[in-house]
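To start, the structure itself, in C-alpha cells.
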Amino acid sequence: MEGGDMRAMATLCLSGELMSRLEAIARAGFGGVEIFVDDLQRDTHSARRIGEHCRDLGLAVVALQPFRDAEGLTGEAHRRMLDRAARHFDTLADLGGTQLLATSTTLTEARPELTAAADSLGELAERAATRGMTIAYEALCWGRHVNDYRQAWEVVTLADHPALSLVLDSYHVLALGLELETLAALPAARIGLVQLADAPAPLREDLQTVSRHRRAFPGEGELEVERFIAALARTGYAGPISLEVFSDVLGVMPTGMTALAGWERLERALQAAG
C-alpha cells in the first residue's frame with residue numbers, strides 16, 4: 001500500500017518542547033501533525049502561535065485530540081460537554097485545523113445505548129459544522145460502552161451526519177484481535193483519520209496501560225499492523241495516515257532521531273503491506 005495522501009505524526013510521540021517537536025516532524029518528511037491537547041496545555045505558546053509555526057513548517061493540522069467523554073450524557077452533563085466542545089473548536093480554529101477527534105466514553109454515567117451515543121455525536125457534529133469543522137469518532141478498546149470499531153461505525157451510521165466520520169486506530173483494533181473484513185468493506189469517504197501503532201504481544205498488562213506506555217512504531221512490536229494496512233487499502237482510503245505512539249521509551253529519546261525513525265518505520269510498513 002502506498003498509503004494515504006499525507007503522512008502525519010502525533011505530537012505525543014516525541015519528547016521535548018512542542019515547537020521543537022513540530023520542527024522535528026517536518027524535518028523527518030511528514031506533511032501533517034496531530035496536536036495532542038495535553039501537549040498544547042503544557043506549552044507556553046498560544047494555540048494561534050503554534051498554528052502559525054505549523055504553517056511555516058508546511059505542516060497541516062490533521063486533528064486536535066482527544067476530546068473525551070462526549071456521548072451518552074444527559075441534562076447538565078450534556079450541556080457542559082457542549083460548552084467544553086465549543087472551547088475545543090476555538091482552539092482548533094486558532095491552530096488552523098478543522099477536525100476534532102472524539103474518543104468513546106469511559107464514564108459510568110453515560111447511557112449505554114448506541115442510539116444515545118449517535119444522538120450526542122450528531123449534535124456535536126452539527127455544532128462543528130457551523131464552524132466549518134468535523135468530528136472524527138474513535139472506539140477506545142477500554143471504552144465503557146463502545147470499545148470496538150464496528151460499534152463506532154454503527155454510531156457514525158446512526159448519527160448520519162456529514163460532519164461525523166470514523167477513526168481507525170491499529171492498536172485499538174488489533175489489541176482486541178478484531179476481524180478486519182468489516183474494516184475492509186468500510187466506505188473510504190466516512191473514514192476521517194487512520195492512526196498506526198504497534199505493541200508487544202501477548203499483551204500481559206491491561207490494554208489501557210500498554211496503550212499509554214508501551215506502544216511502538218509499526219514493525220517494532222508484534223501486532224499484525226501489515227494486515228491492518230492491507231485491509232485499509234481495500235477501502236480505497238486516501239486520507240492522512242498518522243503515527244500515534246504513546247511510549248515511555250520514546251519519551252526520553254532525542255526528538256529528531258525519534259521522528260526520523262517513525263518516518264522510516266511508517267514507510268516500511270506501508271510498502272510491506274503491498
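Computed from a predicted model, the values in this text were never measured in an experiment.
- Defined by atom type and a distance below 3.5 Å, a donor-acceptor pair is present between the side-chain atoms of Asp206 and Thr209.
- Side-chain atoms of His161 and Glu123 form no donor-acceptor pair, as typed in the model, at a separation below 3.5 Å.
- Thr235 contributes atom OG1, which lies 8.0 Å from atom CG of Leu168 (distance to the nearest 0.5 angstrom).
- For the pair Gly219 and Asp198, the tightest heavy-atom approach, listed with the atom from each and the gap, is N-OD2, 3.0 Å.
- Under the side-chain hydrogen bond (donor to acceptor under 3.5 Å, both in side chains) rule, Arg21 has a single partner from Thr258, Asp43, Asp39, which is Asp39.
- Hydrophobic clustering (side-chain heavy atoms under 4.5 Å, transitive across Ile, Leu, Val, Met, Phe, Trp, Tyr) keeps Met9 apart from Leu12.
- By the criterion of side-chain heavy atoms lying less than 4.5 angstrom apart, applied directly or through intervening Ile, Leu, Val, Met, Phe, Trp or Tyr residues, Phe30 is not grouped with Phe36; the two fall into different hydrophobic clusters.
- Remark: Leu193 CG to Asp169 CG distance equals 9.0 Å, nearest 0.5 Å.
- Contact record, His172 with Arg215: NE2-NH2, 3.4 Å, taken as the closest heavy-atom pair.
- Between the side chains of Tyr137 and Glu71, at least one donor N or O lies within less than 3.5 Å of an accepting N or O.
- The hydrophobic clustering, which links ILVMFWY residues whose side-chain heavy atoms are closer than 4.5 Å, places Phe246 and Val33 apart.
- Between the side chain of Ser104 and the backbone N or O of Leu140 there is at least one donor-acceptor pair closer than 3.5 Å.
- At a threshold of 4.0 Å, the pair Arg49-Glu52 counts as salt-bridged, since one of the basic side-chain nitrogens sits closer than that to a carboxylate oxygen.
- Salt-bridge check for Asp83 with Arg87: failed, with every basic side-chain N at 4.0 Å or more from each acidic carboxylate O.
- Side chains of Gln99 and Gln65: a donor-acceptor N/O pair is absent below 3.5 angstrom, by distance only.
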Check step by step if side chain to side chain donor-acceptor pair (under 3.5 Å) holds for His53 and Glu23.
CA-CA 9 Å; His53 197 51; Glu23 291 159 11; 2.9 Å; yes

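- Linking ILVMFWY side-chain heavy atoms closer than 4.5 Å, directly or via other members, places Leu59 and Leu260 in two distinct hydrophobic clusters.
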Going through the checks in order, is the ring pair (Phe, Tyr, Trp, His ring centres under 6.0 Å) test met by Phe67 and Phe89?
CA-CA 10 Å; Phe67 184 70; Phe89 294 147; 7.6 Å; no

